[in-house]
Amino acid sequence: MRAIRNPLAPLLLALLLAGCGGGGGGDAVTAPAPAPIVVEKPATHAEAARFLTQATFGPVDADIDRVMAVGYAAWIDEQMALPASAHRATWEAADRAIKAAAPSSGAGPNQVFDAFWKQAVTGPDQLRGRVAYALSQTFVISMVDGTVEDNPRAVADWLDMLGTKGLGSYRGLLEAVSLHPMMGIYLSHLRNQKSMSRTGRVPDENYAREVMQLFSIGLVELNEDGSARSAGGQPVATYTQADVSGLANVFTGWSWACPDWPDNRCFSTGSANGNSDPDRSFKPMMGYPQYHSTDAKSFLGTTIAEKTSADPAGSLQTALDTLAAHPNVGPFIGRQLIQRLVTSNPSPAYVRAVAQAFANNGAGVRGDMKAVVKAVLMHPEARQMSATSGKLREPVLRLAAYLRAFPHSSDTGNWRVGNTDNAATSLGQTPLRSPSVFNFYRPGYVAPGTQSADQGLVAPEMQITHETSAAGWVNFMRANITSGVGASNGTVNGVVLNRRDIRPDFSAELALAGDASALVERVAGRLTYSAGAELKTEITAAVGSIAIPALNTAGSNQAAVDTARRNRVNAAILLVLGSPEFQVQQ
């Protein structure tokens with residue numbers, strides 16, 4: 001079987017499937033009329049499943065039936081109207097349960113991962129969760145940072161914030177990101193202070209730089225279609241060091257929420273006179289005038305005049321308004337959402353359509369993220385599968401799709417997947433644990449020495465894909481299919497269960513195990529929407545080679561029969577999971 005003989009086969013195919021990117025360089029761009037938004041219903045279950053692969057953590061029968069019944073746009077509207085799953089509430093419930101059993105203990109980072117997986121696998125608000133996960137890879141905080149990891153309740157709240165603000169206004173999202181204490185800790189603008197000539201102190205510039213480079217406008221000026229604007233044959237930079245320094249002054253004086261604000265001790269520790277807000281780790285930071293710069297602040301063509309009294313809130317409003325109004329934001333943020341949800345190399349026309357939706361949601365509103373997400377998912381390039389569409393499916397999304405494709409239940413109810421950092425024995429990727437603010441992979445990553453690189457195509461997920469992770473995926477999933485997923489020794493009603501927490505139900509597949517062709521047809525249908533006859537024939541032959549003994553009249557070999565049937569199911573699922581048709585989201 002190719003899935004075992006050549007574990008890198010899916011990666012090679014992914015590069016061939018990546019769509020064409022590009023776009024011209026000059027300032028003047030004649031924009032053709034945008035392609036019409038697709039509004040029709042899917043014609044087949046496969047089309048509905050493909051849409052749901054982009055819009056959810058994995059298609060399931062109920063969602064496929066709903067999309068078939070109401071169509072793409074109505075399903076999106078229904079999803080956006082659903083209340084958001086509460087990761088912090090899930091973490092807090094786990095914390096109470098742990099402390100009830102061991103008062104000196106409590107929930108930690110693993111319970112953040114549990115909350116993520118519980119929502120990803122079982123949450124009804126699938127679109128919101130998938131968008132929040134996509135945004136978590138643009139607006140990055142990471143529990144690789146020890147101080148962030150020490151505040152897991154606040155990290156769970158960060159996911160909630162991305163889920164709610166991520167389908168609101170971009171301007172509101174940018175403010176929530178900028179004032180969240182976990183971002184303040186991660187990019188070091190919490191307790192950032194104004195300059196002091198006597199000591200030579202200058203404001204920390206970390207967040208000022210990254211809020212422009214990564215969260216809003218990028219490094220170079222863009223045309224509406226995402227192509228770089230040029231002058232004299234060179235890309236035009238969006239900002240200079242002077243812009244960074246000017247914006248850094250805006251992010252001075254911000255620190256913990258505190259009942260005794262603006263007491264100096266609140267700025268330093270979040271407490272004054274022994275009082276502290278127990279929710280300070282996730283409440284929006286507050287502006288402390290005594291630590292905020294009153295100097296003139298110039299950035300991106302805007303100047304906040306020198307003031308006699310500090311006004312941190314006013315400075316922040318002007319700065320965020322300026323960033324959100326920048327013409328780069330639509331194509332810059334829009335292209336990354338396309339990459340995370342649909343395809344690695346969107347055409348200029350696709351980026352332009354999404355940027356136009358960002359600029360105007362149809363009612364004159366700029367930065368409506370609901371309109372942006374809808375434009376990403378409804379564009380004809382998203383809805384029409386071709387040889388130039390698609391992306392390599394990252395490990396977290398592969399596991400989520402598997403867990404949703406077949407019924408799984410959690411013994412503890414906590415979905416204890418745990419840390420999956422290790423590429424050799426696990427996923428090589430854990431939600432909210434990217435190695436840096438630049439995410440697990442860069443949007444513009446080009447895989448060296450590949451055909452896609454020769455064609456000028458990007459393949460972001462290839463940055464964490466290599467021989468170790470490809471083989472690790474197959475080995476990890478072989479164990480998961482056989483034994484279940486996640487941590488062992490969970491406690492249920494005071495009883496320690498010596499087995500993995502997340503258990504599969506393959507009863508429907510076991511019922512078909514006697515017919516290898518029917519079994520493979522079902523498994524391929526659960527996991528892919530593009531498996532062709534050649535793949536299914538190849539896997540069917542491998543599955544059929546696993547002999548199922550005839551049950552003897554006494555029934556004494558029932559265990560051997562059951563084992564053989566389960567081995568057929570395991571093999572069928574593993575071989576599809578290792579195939580290009582599953583590992584590539586086309």
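The structure displayed is predicted, hence computed values, not measured ones.
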Parallel, tilted or perpendicular, as decided by the 30° and 60° cut-offs, for the rings of Tyr133 and Phe116: tilted

Separation of Gln119 CD from Leu159 CG (nearest 0.5 Å): 8.5 Å

Candidate pair Asp243 and Thr238, rule side-chain contact (heavy atoms from CB on, under 4.5 Å), full reasoning: CA-CA 9 Å; Asp243 294 313; Thr238 52; over 6 Å; no

Test log, rule side-chain contact (heavy atoms from CB on, under 4.5 Å), inputs Val417 and Leu399: CA-CA 10 Å; Val417 173; Leu399 179 59; 4.2 Å; yes

Reported CH2-to-CG distance for the pair Trp254 and Leu179, which is rounded to 0.5 angstrom: 5.0 Å

Short side-chain to backbone donor-acceptor contact, Ser169 and Gly172, under 3.5 Å: yes

Contact summary for Val220 and Ala228, nearest pair of heavy atoms: CG2-CB, 4.1 Å

Polar side-chain atom of Gln79 near backbone of Gln126 as donor-acceptor pair, under 3.5 Å: yes

Pair Lys374 + Asp77: basic N to acidic O under 4.0 Å: yes

From CA spacing to verdict: side-chain contact (heavy atoms from CB on, under 4.5 Å), Val342, His379: CA-CA 10 Å; Val342 178; His379 191 273; over 6 Å; no

Test item: Ile141 and Leu187 side chains (from C-beta on) under 4.5 Å apart, heavy atoms: no

Check: Pro460 and Asn439 side chains under 4.5 Å, non-hydrogen atoms: no

Electrostatic pair Lys41:Glu47 at N-O distance under 4.0 angstrom: no

Whether Gln339 side chain and Ser344 backbone form a donor-acceptor pair below 3.5 Å: yes

Phe282 and Met182, any side-chain heavy atoms less than 4.5 Å apart: no

Side chain to side chain, Val485 and Tyr402, heavy atoms closer than 4.5 Å: yes

Val446 versus Ala453, closest heavy-atom pair with distance: CG1-CB, 3.4 Å

Test item: Thr343 side-chain N/O and Ser389 main-chain N/O as donor-acceptor pair under 3.5 Å: no

Any donor-acceptor pair under 3.5 Å from Gln429 side chain to Val396 backbone: yes

Close side-chain approach of Tyr170 and Val372, heavy atoms under 4.5 Å: no

Under 3.5 Å: donor-acceptor pair, side chain of Arg128, backbone of Leu167: no

Candidates Asn151, Val155, Asp157 - the one meeting side-chain contact (heavy atoms from CB on, under 4.5 Å) with Val112: Val155

Side chain Asp145, main chain Tyr186, donor-acceptor under 3.5 Å: no

N/O donor-acceptor pair under 3.5 Å between Arg404 side chain and Val121 backbone: yes

Short side-chain to backbone donor-acceptor contact, Asn328 and Phe332, under 3.5 Å: no

Leu575 side, atom CG; Met477 side, atom CE - distance, nearest 0.5 Å: 12.5 Å

Interatomic spacing from OG1 in Thr302 to NE2 in His326 - rounded to 0.5 Å: 9.5 Å

Trace of the side-chain contact (heavy atoms from CB on, under 4.5 Å) decision for Asn419 with Phe113: CA-CA 7 Å; Asn419 182 305; Phe113 309 143; 4.2 Å; yes

Spatial distance of atom CZ (Arg153) from atom OG (Ser281) [nearest 0.5 Å]: 6.0 Å

Passing candidate, side-chain contact (heavy atoms from CB on, under 4.5 Å) with Glu581, options Val576, Leu527, Leu535: Leu535

Side chains of Pro42 and Val67 in contact at under 4.5 Å (non-hydrogen atoms): yes

Crowding at CD, Glu521 (>12 non-hydrogen neighbours, <6.0 Å): no

Nearest heavy-atom neighbours spanning Pro348 and Asp225: O-CB, 3.3 Å

Pair Asp61 + Arg526, salt bridge at N-O below 4.0 Å: yes

Whether Tyr207 and His189 hold their rings parallel, tilted or perpendicular, with breakpoints at 30° and 60°: parallel

Side-chain H-bond candidate by donor/acceptor type, Ser347 with Glu381, under 3.5 Å: yes

Which atom of Arg442 lies closest to which atom of Gln463, heavy atoms considered: N-OE1, 2.8 Å

Closest heavy-atom pair and its distance - Pro109, Pro152: N-CB, 3.8 Å

Side-chain donor/acceptor of Thr56 to backbone N/O of Leu127, under 3.5 Å: no

Phe51 and Tyr72 aromatic ring geometry - parallel, tilted or perpendicular at 30°/60° bounds: tilted

Stepwise side chain to side chain donor-acceptor pair (under 3.5 Å) check, Asp321 with Thr318: CA-CA 5 Å; Asp321 286 349; Thr318 299; 5.9 Å; no

Test item: side-chain donor near acceptor, Asn414 and Gln111, under 3.5 Å: no

Residue pair Tyr441 / Glu394, side-chain heavy-atom distance below 4.5 Å: yes

Salt bridge Glu461-Arg340, side-chain N to carboxylate O under 4.0 Å: yes

Residue of the set Trp75, Phe57, Tyr529 for which side-chain contact (heavy atoms from CB on, under 4.5 Å) holds with Leu52: Trp75

For Gln54, the option from Lys391, Gln585, Arg383, Arg130 that meets side-chain hydrogen bond (donor to acceptor under 3.5 Å, both in side chains): Arg383

Six-ring centre of Phe582, Arg393 cation under 6.0 angstrom, axis tolerance 45°: yes

Any side-chain heavy-atom pair of Leu320 and Ser178 under 4.5 Å: yes

